[in-house]
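First up is the structure itself, then whatever we jot down about it.
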Number of protein chains: 2
Amino acid sequence: MAKNGKISDAVIRRLPKYYRYLGDLLKNGINRISSNELSRLTGFTASQIRQDLNNFGGFGQQGYGYDAKKLREEISKILGLDHKYKVVIVGAGNIGQAVANYAGFYEEGFEIMALFDKNPKLVGLRIRDLEIMDIDDLKEYLTHHKIDLVVLCTPKEASQGIADIVTSCGVQAIWNFAPTDIKVTDNVAIENVRMNESLYTLVYYYNEKSNNFNN
Amino acid sequence: MAKNGKISDAVIRRLPKYYRYLGDLLKNGINRISSNELSRLTGFTASQIRQDLNNFGGFGQQGYGYDAKKLREEISKILGLDHKYKVVIVGAGNIGQAVANYAGFYEEGFEIMALFDKNPKLVGLRIRDLEIMDIDDLKEYLTHHKIDLVVLCTPKEASQGIADIVTSCGVQAIWNFAPTDIKVTDNVAIENVRMNESLYTLVYYYNEKSNNFNN
DNA sequence: AATATTTTGTTATAAGCATAACTGAAGCTG
DNA sequence: CAGCTTCAGTTATGCTTATAACAAAATATT
């Protein structure tokens, strides 16, 4: 752990993977798991796994391992997946609709309350049970509904403006799919999904491997 | 740089961001940029930026800075964005369609050649200029077309199987949107877009910040 | 033209992170 | 139930990555 006592970002980003594999194990009826076995599954070293989990307390037992169900619940609590979250999607284009339609989020407690878009051709259209609303009504909506999380799927030119609006209405978490950097105050959590950067990185490694073949 | 002479992943993943901001600068008619100014824009330290760029050669000039156009071209070459790539999307559901419809990829040289899906209701449907093809014809298609990159947007149960098929047909790059770990041989580049993990991480930080408020 | 300033390239230092090693507790075996 | 094995928790080590410092080169200034 860092000297300031804060858990490092790298650790936090490994937790969802543990969470996923523990879920898989439970589905297969396996309830006992060692750091060694988890290492084999996740690709992280057993040492790292033990250290990661120990940041939050001793969830395991020497000579036995970890109880998969208990451990998964603990990680769930750490991440906050034991709560429900009210979500609004802004930008109901391709990505916005894809997020809205992704059933997996519902299962984990993310409830999509509304979708907004600027495009009159989209406004009024129904996605799942929700009618896409006019973005001009976003501020009004947010002042009357306590929303935890806004998914930002707007074109990059509009993103900062929307972010300003939603944070001014008290929203404290933004999941940003726009390929731009959003500035928010320190009390707002923001997480970027940078598909462009991901793709470019892939291409780099693709070429690196292809070049090897030509040597 | 690491001892083995290989550029570290962290460096590679910063390059797209430099690339993006350099593009923005050029759009605004700015052609001279210092590491200090780039630092202000990207949030990375000037020191890190200089070190990153120096991994690939001295693109700047002391006392002057970097020529934005030249530097952007260099990064383009490093990442391989100066080439064109033929892309096939497997899984034409929400995410597959979103990727297909995202115009930005075309601009950067990624040409979507075909879409495949298993669902008979989707097969035959047109996305942009492309008719969604039956997944049973995927192997046949790949044996007759040289494809650089496959975008995997299938349900997680199907993903490994599809990955096996496409790699056996010589595809050496997979952009995986399925929330599962795909095993590929060492000559295949794989990049995962883990939306679940991104969302869970966001929720962790959201709660961390909210808790602070209650103290 | 001489000097001060800017700014990179590069080296040195420090911080962060991951791996390895160790200790002791619990489970397993004969 | 004694000894052996397993395995988590924890400490120590090593490596990687980021930051800071510095020297040299080019630019800008007077």
Side-chain angles (χ1 to χ4, degrees), chain A residues 1-18 21-22 25 30-75 78 201 204, chain B residues 1-18 21-22 25 30-75 78 201 204:
Chain A
M1 209 189 316
K3 273 182 197 163
N4 55 16
K6 250 189 106 209
I7 310 287
S8 87
D9 186 63
V11 174
I12 301 304
R13 287 181 190 278
R14 280 191 291 269
L15 296 182
K17 199 165 181 180
Y18 300 142
Y21 275 105
L22 289 166
L25 287 167
I30 298 166
N31 205 50
R32 176 182 171 176
I33 184 81
S34 69
S35 60
N36 251 300
E37 195 59 18
L38 257 179
S39 165
R40 206 185 49 77
L41 290 171
T42 60
F44 307 131
T45 65
S47 213
Q48 183 163 64
I49 292 169
R50 290 201 299 276
Q51 228 176 24
D52 281 357
L53 298 177
N54 248 87
N55 282 314
F56 305 98
F59 302 140
Q61 193 155 36
Q62 287 165 325
Y64 177 87
Y66 298 90
D67 179 288
K69 184 157 179 288
K70 183 189 154 207
L71 180 56
R72 187 160 188 271
E73 280 168 9
E74 292 290 350
I75 294 175
I78 294 164
T201 305
Y204 172 85
Chain B
M1 210 188 319
K3 273 183 197 163
N4 55 16
K6 251 189 103 207
I7 311 287
S8 88
D9 186 62
V11 175
I12 301 303
R13 287 180 190 278
R14 279 191 291 270
L15 295 182
K17 199 165 181 178
Y18 300 143
Y21 274 104
L22 289 166
L25 287 167
I30 299 167
N31 205 51
R32 175 183 171 176
I33 184 81
S34 68
S35 59
N36 250 300
E37 196 60 18
L38 258 179
S39 165
R40 205 185 50 76
L41 290 172
T42 60
F44 307 131
T45 64
S47 213
Q48 183 164 63
I49 292 169
R50 290 200 299 276
Q51 227 175 25
D52 281 356
L53 298 177
N54 248 88
N55 282 315
F56 305 98
F59 302 140
Q61 192 157 36
Q62 287 164 325
Y64 177 87
Y66 299 89
D67 179 288
K69 184 158 177 290
K70 183 190 154 208
L71 180 57
R72 188 160 187 272
E73 279 168 10
E74 292 290 351
I75 293 175
I78 294 164
T201 305
Y204 173 84

Run the side-chain donor-acceptor check on residues 44-51 of chain A: report pairs under 3.5 Å with partners two or more places apart or on a different chain.
{"from": "T45(A)", "atom 1": "OG1", "to": "Q48(A)", "atom 2": "N", "distance (Å)": "3.1"}
{"from": "R50(A)", "atom 1": "NH1", "to": "S35(A)", "atom 2": "OG", "distance (Å)": "3.1"}

- [ ] Considering just the side-chain nitrogens and oxygens of S8(B), establish if one lies under 4.0 Å of OP1 or OP2 belonging to dT16(D).
- [x] no

Task: Residue among I78(B), V11(B), I12(B), L15(B) satisfying side chain to side chain contact (heavy atoms under 4.5 Å, CB included) with N55(B) - done: V11(B)

Open item on the list: As an exercise, state the distance from CZ of R40(B) to CG of L38(B), rounded to the nearest 0.5 Å.
Closed with: 10.0 Å

Open item on the list: What is the distance, to the nearest angstrom, from the CG atom on L71(B) to the C1' atom on dG9(C)?
Closed with: 14 Å

Open item on the list: Using the salt bridge (Lys or Arg N to Asp or Glu O under 4.0 Å) criterion, which residues pair with E74(A)? Sequence neighbours excluded.
Closed with: none

TODO: Taking only heavy atoms on the protein side, list every residue of residues 57-65 of chain A lying under 4.0 Å from any atom of DNA chain C, sorted numerically.
DONE: Q61(A), Q62(A), G63(A)

Open item on the list: Nearest whole Å is fine: how far is dT19(C) C1' from I49(A) CD1?
Closed with: 13 Å

- [ ] Could you list by number each residue of residues 39-47 of chain A showing a heavy-atom separation from DNA chain D of less than 4.0 Å, or answer none if no residue does?
- [x] none

Task: Partners passing side chain to side chain donor-acceptor pair (under 3.5 Å) against D9(A) (at least two apart in sequence or in another chain) - done: R13(A), Y205(B)

Open item on the list: Expressed as a whole number of angstroms, how long is the span from L53(B):CG to dA18(D):P?
Closed with: 14 Å

Open item on the list: Please pick, from dA18(C), dT10(D), dG9(C), the nucleotide with the shortest atom-to-atom distance to any side-chain atom of R50(A).
Closed with: dT10(D)

Open item on the list: From the set dG9(C), dT8(C), dA8(D), return the single nucleotide nearest to any side-chain atom of S34(B).
Closed with: dT8(C)

- [ ] Please state how far atom CG in N55(A) lies from atom P in dG9(D), giving the value in whole angstrom units.
- [x] 11 Å

TODO: Drop me the distance from L25(B)'s CG to R72(B)'s CZ, to the nearest 0.5 angstrom.
DONE: 10.0 Å

Open item on the list: How many whole angstroms separate atom CD of Q48(B) from atom C1' of dA15(C)?
Closed with: 13 Å

Task: Pairing residues for Y204(B) by the side chain to side chain donor-acceptor pair (under 3.5 Å) criterion, not counting sequence neighbours - done: none

Open item on the list: With nearest nucleotide decided by heavy atoms, which residue, Q51(B) or R32(B), maps closer to the 5′ end of DNA chain C?
Closed with: R32(B)

At a cut-off of 3.5 Å, list every protein nitrogen or oxygen paired with a nitrogen or oxygen from nucleotides 2-4 of chain D, distance to 0.1 Å.
none

Open item on the list: Whole angstroms only, please: what is the CG-P distance between N54(A) and dA18(C)?
Closed with: 15 Å

Task: Least distance between heavy atoms, Y18(A) atom then L53(A) atom - done: CD1-CD2, 4.3 Å

Open item on the list: Taking salt bridge (Lys or Arg N to Asp or Glu O under 4.0 Å) as the definition, give me every residue that meets it alongside K69(B), ordered by chain and number, with sequence neighbours left out.
Closed with: E73(B)

Open item on the list: Expressed as a whole number of angstroms, how long is the span from I12(A):CD1 to dC17(C):P?
Closed with: 11 Å

TODO: Let me know the distance between NZ of K6(A) and C1' of dG16(C), rounded to the nearest Å.
DONE: 14 Å

Open item on the list: Checking contacts here: which listed nucleotide (dG9(C), dC17(C), dA8(D)) is nearest the side-chain heavy atoms of Y66(A)?
Closed with: dA8(D)

Task: Residues that D52(B) engages under salt bridge (Lys or Arg N to Asp or Glu O under 4.0 Å), provided they are two or more places apart - done: R14(B)

Task: Degree of bending in the helix from dA1(C)-dT30(D) to dG30(C)-dC1(D) once both end axes are built from five pairs, to 10° - done: 10°

Task: By salt bridge (Lys or Arg N to Asp or Glu O under 4.0 Å) - contacts of R32(A) (at least two apart) - done: none

Open item on the list: Once you apply a heavy-atom cut-off of 4.0 Å, does L38(B) come out as touching a base, just sugar-phosphate, or nothing?
Closed with: nothing

TODO: Could you note down all residue pairs passing ring pair (Phe, Tyr, Trp, His ring centres under 6.0 Å) where residues 48-67 of chain B supplies at least one of them, sequence neighbours left out?
DONE: none

TODO: State the CD-OG1 distance between E37(B) and T42(B), to the nearest 0.5 angstrom.
DONE: 10.0 Å

